[in-house]
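Here the structure is laid out as structure tokens; the discussion comes afterwards.
In this chain, numbering begins with 1 at the start of the sequence shown.
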Amino acid sequence: MINWQAIAAELRHQGLTVLDNPQQCQKLSLDYFHFSPILTAQLQDKRGDLAVFARSEANILMIASLCVKYKIPLTLRGAGTGNYGQCIPLEGGIILDLSQMNQILCLEPGRAVAEPGVKLATLDKQAQALGWEIRLAPSTYQTATLGGFIGGGSVGMGSVNYGTIGDRGNLRSARIVTLQDSPQVLTLEGDATQSLLHAYGTNGVISQVEIALAPCYPWAEAIVCFETFPMAITFADVLGNSSGIVKKQIAVHAHPIPQYFTAIAESLLPAHQAVMVILSDYDQRAFQDLVQVHQGTVTRYQPQGKGPNLLEFNWNHTTLLARAVDPSLTYLQVFYWDLDTVQKLHQKFGEEVMIHLEFLRINGRLIPAGLPLVRYTSPERLAEIMDIHRELGASIANPHAYTIEDGGNGQINPNQLALKKEVDPYGLLNPGKMKSWHS
């Protein structure tokens with residue numbers, strides 16, 4: 001039996017900030033898992049016993065040593081903006097909050113090195129002062145941390161150009177602290193970093209990250225409305241494949257999803273589909289010409305930063321805004337692969353599954369993926385909906401599962417497992433989230 005008072009006292013003696021109040025521990029044990037009614041039932045009572053704030057790599061080593069000594073589960077936390085229970089401790093233990101490790105260590109053309117707790121928006125703003133910017137950003141990037149995105153995210157704004165965080169070149173290197181008998185610091189470079197991606201902090205505590213940057217453009221935001229769904233998705237696909245128009249975000253919201261966007265209601269047309277685009281202002285004329293060819297109506301065009309940021313209406317912010325109006329809604333994560341599959345599923349489900357597309361690159365190929373809104377009725381119907389998607393050729397990354405494998409492509413990643421065996425031989429890091437560890 002672990003004496004938590006003694007553990008807290010030992011950590012405080014080392015100069016660390018420790019929270020052991022149940023209400024504080026509860027807050028730091030949760031993320032946005034409530035987007036899923038399935039995960040809500042499974043995870044709502046899971047809590048850590050203590051929360052500890054690290055301010056340096058030395059702090060992490062100290063905490064790692066204590067966890068190994070007493071065999072205490074250790075779950076990592078950034079800003080807690082994930083949706084699958086990534087940072088929810090299934091077996092209690094210590095919550096390690098890394099948000100105070102927020103220093104940018106190196107910023108130069110093409111690259112940035114930073115601690116895991118730096119906010120993506122902060123890093124982006126400083127990079128833009130040099131004429132560069134981060135390549136990828138989730139819709140939560142105002143609060144999301146760099147380490148959290150590496151460990152729990154994968155795509156976002158910029159994916160139309162740079163694919164996923166796992167595409168070679170996006171993540172250059174990372175330092176991790178191990179939970180071996182004598183915890184140490186390892187540096188992973190190039191392909192070796194792949195095992196950390198979307199691993200929910202199960203195979204190393206990220207203490208430093210090096211990412212590639214992209215050239216920054218004067219970005220503009222546009223909303224284009226279309227009378228029909230086929231018109232909207234065709235335009236979005238052609239825009240995505242228009243090499244001469246620089247863009248970093250293309251999203252399609254089928255009717256009636258735009259009704260949930262009250263903050264930009266003046267830029268939306270009743271009973272229309274909305275295509276939201278972030279593009280280089282240098283390409284305004286080419287963009288307007290393409291809209292005219294596809295018979296769309298531009299209802300908003302302005303420099304980014306003037307008014308609400310369109311990123312905050314896309315990716316899983318769409319789900320957040322819709323659920324604020326109707327909490328019974330949930331969502332899926334779908335790779336449609338082509339417009340024909342999108343059309344079939346749109347016709348099959350109607351408003352039971354409201355199509356929300358995000359265009360991104362997979363192995364260089366532009367594809368429609370998405371986070372459709374689902375009118376939830378039962379676990380059985382939700383499973384049936386996912387099965388129908390698969391039968392019609394789509395792939396599902398199940399957002400209603402909390403393990404790495406079930407929430408991804410359903411396959412065991414042998415490299416992730418191998419790294420965990422090396423750096424976490426006692427299985428203390430976020431136990432229960434790597435299904436293959438227990439198989």
Item to check | Reported CG-to-NE2 distance for the pair Leu373 and His356, which is rounded to 0.5 angstrom | outcome: 8.0 Å
Checklist outcome for this item: Output for pair (Lys420 NZ, Thr202 OG1), nearest 0.5 Å, gives 5.0 Å
Checklist entry - Any donor-acceptor pair under 3.5 Å linking the side chain of Trp437 with the backbone of Lys435? => result no
Next on the checklist: Within the 4.5 Å heavy-atom criterion, are Leu310 and Arg300 side-chain neighbours or not?
Outcome noted: yes
Next on the checklist: Under the criterion side-chain contact (heavy atoms from CB on, under 4.5 Å), I'd like the reasoning laid out for Leu279 against Tyr217: C-alpha separation, chi angles, the key distance, then a yes or no.
Outcome noted: CA-CA 9 Å; Leu279 73 151; Tyr217 286 80; over 6 Å; no
Item to check | Backbone N/O of Tyr141 and side chain of Lys119: donor-acceptor pair under 3.5 Å | outcome: no
Checklist entry - Checking Arg361 side chain against Arg365 main chain: does a donor-acceptor pair fall under 3.5 Å? => result no
Next on the checklist: Would you say CZ of Arg390 has more than 12 non-hydrogen atoms from neighbouring residues, nucleotides or ligands within 6.0 angstrom?
Outcome noted: yes
Next on the checklist: Here's a test for you: under side-chain contact (heavy atoms from CB on, under 4.5 Å), which of Leu19, Thr75, Asp49 qualifies with Ile95?
Outcome noted: Thr75
Checklist entry - Would you say the side-chain atoms of Asp31 and Asn83 include a donor-acceptor pair closer than 3.5 Å? => result no
Checklist entry - Got a donor-acceptor contact below 3.5 angstrom from the Asp167 side chain to the Asn363 backbone? => result no
Checklist entry - How far apart are the closest heavy atoms of Leu43 and Gly85, and which atoms are they? => result CD1-CA, 3.9 Å
Item to check | Over all atoms of both residues, closest heavy-atom pair of Gln273 and Ala232 | outcome: CB-CB, 3.8 Å
Checklist entry - Judged by atom type as modelled, is there a donor-acceptor pair below 3.5 Å linking the side chain of Thr140 to the main-chain atoms of Thr143? => result no
Item to check | Validation row: Leu382, Leu332 side chains within 4.5 angstrom (heavy atoms) | outcome: yes
Checklist entry - Do Ser436 and Glu405 have side chains that get closer than 4.5 Å, going by heavy atoms? => result yes
Checklist entry - At what distance, to the nearest 0.5 angstrom, does CD1 of Ile264 lie from CD1 of Ile223? => result 4.0 Å
Item to check | Residues Leu366, Val160; criterion side-chain contact (heavy atoms from CB on, under 4.5 Å); working and verdict | outcome: CA-CA 7 Å; Leu366 185 77; Val160 69; 3.8 Å; yes
Checklist entry - So, are Arg375 and Asp326 salt-bridged, with charged N and O less than 4.0 Å apart? => result yes
Item to check | Beyond-backbone contact of Cys216 with Trp132, side-chain heavy atoms, under 4.5 angstrom | outcome: no
Next on the checklist: Would Cys87 and Arg77 count as a side-chain contact (heavy atoms from CB on, under 4.5 Å) here? Give the steps.
Outcome noted: CA-CA 6 Å; Cys87 67; Arg77 179 183 178 86; 3.5 Å; yes
Checklist entry - Can you find a side-chain donor-acceptor pair between Ser154 and His198 that sits under 3.5 Å? => result no
Item to check | Heavy-atom side-chain proximity of Leu120 to Thr145 below 4.5 angstrom | outcome: no
Checklist entry - Can the ring centroids of Phe33 and Tyr84 be said to lie less than 6.0 angstrom from one another? => result no
Checklist entry - At their closest point, which heavy atom of Gly204 faces which heavy atom of Val423, and how far apart are they? => result N-CG2, 4.1 Å
Checklist entry - Are Arg172 and Glu189 close enough, and set up right, to give a salt bridge (charged side-chain N to carboxylate O under 4.0 Å, His left out), and what steps lead you there? => result CA-CA 6 Å; Arg172 291 186 170 184; Glu189 298 181 332; over 6 Å; no
Next on the checklist: One pair to check against side-chain contact (heavy atoms from CB on, under 4.5 Å): Leu320 and His317. What are the steps and the verdict?
Outcome noted: CA-CA 5 Å; Leu320 177 69; His317 258 70; 4.0 Å; yes
Item to check | Crowding at CD, Gln194 (>12 non-hydrogen neighbours, <6.0 Å) | outcome: yes
Item to check | His400 vs Ser36 side-chain heavy atoms within contact, under 4.5 Å | outcome: yes
Checklist entry - Is Phe149 close to Pro138 at the side-chain level, that is, under 4.5 Å between some pair of heavy atoms? => result yes
Next on the checklist: Check whether Arg323 reaches the backbone of His34 with its side chain - one donor and one acceptor, N or O, closer than 3.5 Å.
Outcome noted: yes
Checklist entry - About how many Å separate CG of Asn203 and CD1 of Ile176, when rounded to the nearest 0.5 Å? => result 6.5 Å
Checklist entry - If every non-hydrogen atom of Ala397 is compared with every non-hydrogen atom of Phe335, which pair is closest and at what distance? => result CB-CE1, 4.4 Å
Checklist entry - So, does Gln284 use its side chain to make a donor-acceptor pair with the main chain of Asp281 at under 3.5 Å? => result no
Checklist entry - Have Glu115 and Gln103 got a donor and an acceptor in their side chains that come within less than 3.5 Å? => result no
Next on the checklist: Assess whether a salt bridge exists between Glu133 and Lys125, defined as any Lys/Arg side-chain N lying under 4.0 Å from an Asp/Glu carboxylate O.
Outcome noted: no
Next on the checklist: Using modelled atom types and a 3.5 Å cut-off, is there a donor and acceptor pairing between side-chain atoms of Lys433 and backbone atoms of Tyr402?
Outcome noted: no
Checklist entry - If you count the non-hydrogen atoms of other residues, nucleotides and ligands that lie under 6.0 Å from CD in Glu352, is the total more than 12? => result yes
Item to check | Sidechain-backbone polar pair: Glu358 side chain, Gly370 backbone, donor-acceptor under 3.5 Å | outcome: no
Checklist entry - So how far is it from Thr318 OG1 to Leu329 CG, rounded to the nearest 0.5 Å? => result 12.0 Å
Checklist entry - Is the closest side-chain donor-acceptor distance between His253 and Asn314 under 3.5 Å? => result yes
Next on the checklist: For Ala220, is there any backbone N or O sitting under 3.5 Å from a side-chain donor or acceptor partner on Gln304?
Outcome noted: no
Item to check | Aromatic contact, Phe313 with Phe261 (centres under 6.0 Å) | outcome: yes
Checklist entry - Do you see a donor-acceptor pair shorter than 3.5 Å between the side chains of Ser280 and Trp219? => result no
Next on the checklist: Aromatic contact between His389 and Phe349, with the criterion being ring centroids under 6.0 Å apart: yes or no?
Outcome noted: yes
Item to check | More than 12 heavy atoms of other groups within 6.0 Å of Gln292 CD | outcome: no
Checklist outcome for this item: Separation between OG (Ser242) and CD1 (Ile250), nearest 0.5 Å, reads 8.0 Å
Checklist entry - Which heavy-atom pair separates Leu39 from Pro399 by the least distance, and what is that distance? => result CD1-O, 3.5 Å
Checklist entry - Is there side-chain contact between Met434 and Thr403, with heavy atoms separated by less than 4.5 Å? => result no
Checklist entry - Do the rings of Phe35 and Tyr32 sit parallel, tilted or perpendicular, given the 30° and 60° boundaries? => result perpendicular
Checklist entry - Quick one: do the Asp237 and Thr234 side chains pair a donor with an acceptor below 3.5 Å? => result no
Checklist entry - What is the minimum heavy-atom distance between Pro89 and Ser29, and which atoms define it? => result CD-O, 3.6 Å
Checklist entry - Is Arg111 salt-bridged to Glu210, cutoff N-O under 4.0 Å? => result yes
Checklist entry - Within a reach of under 6.0 Å around NZ of Lys247, are more than 12 heavy atoms found that belong to other residues, nucleotides or ligands? => result yes
Checklist entry - What class does the angle between the rings of Tyr301 and Phe287 fall in, given that below 30° is parallel, 30 to 60° is tilted and above 60° is perpendicular? => result tilted
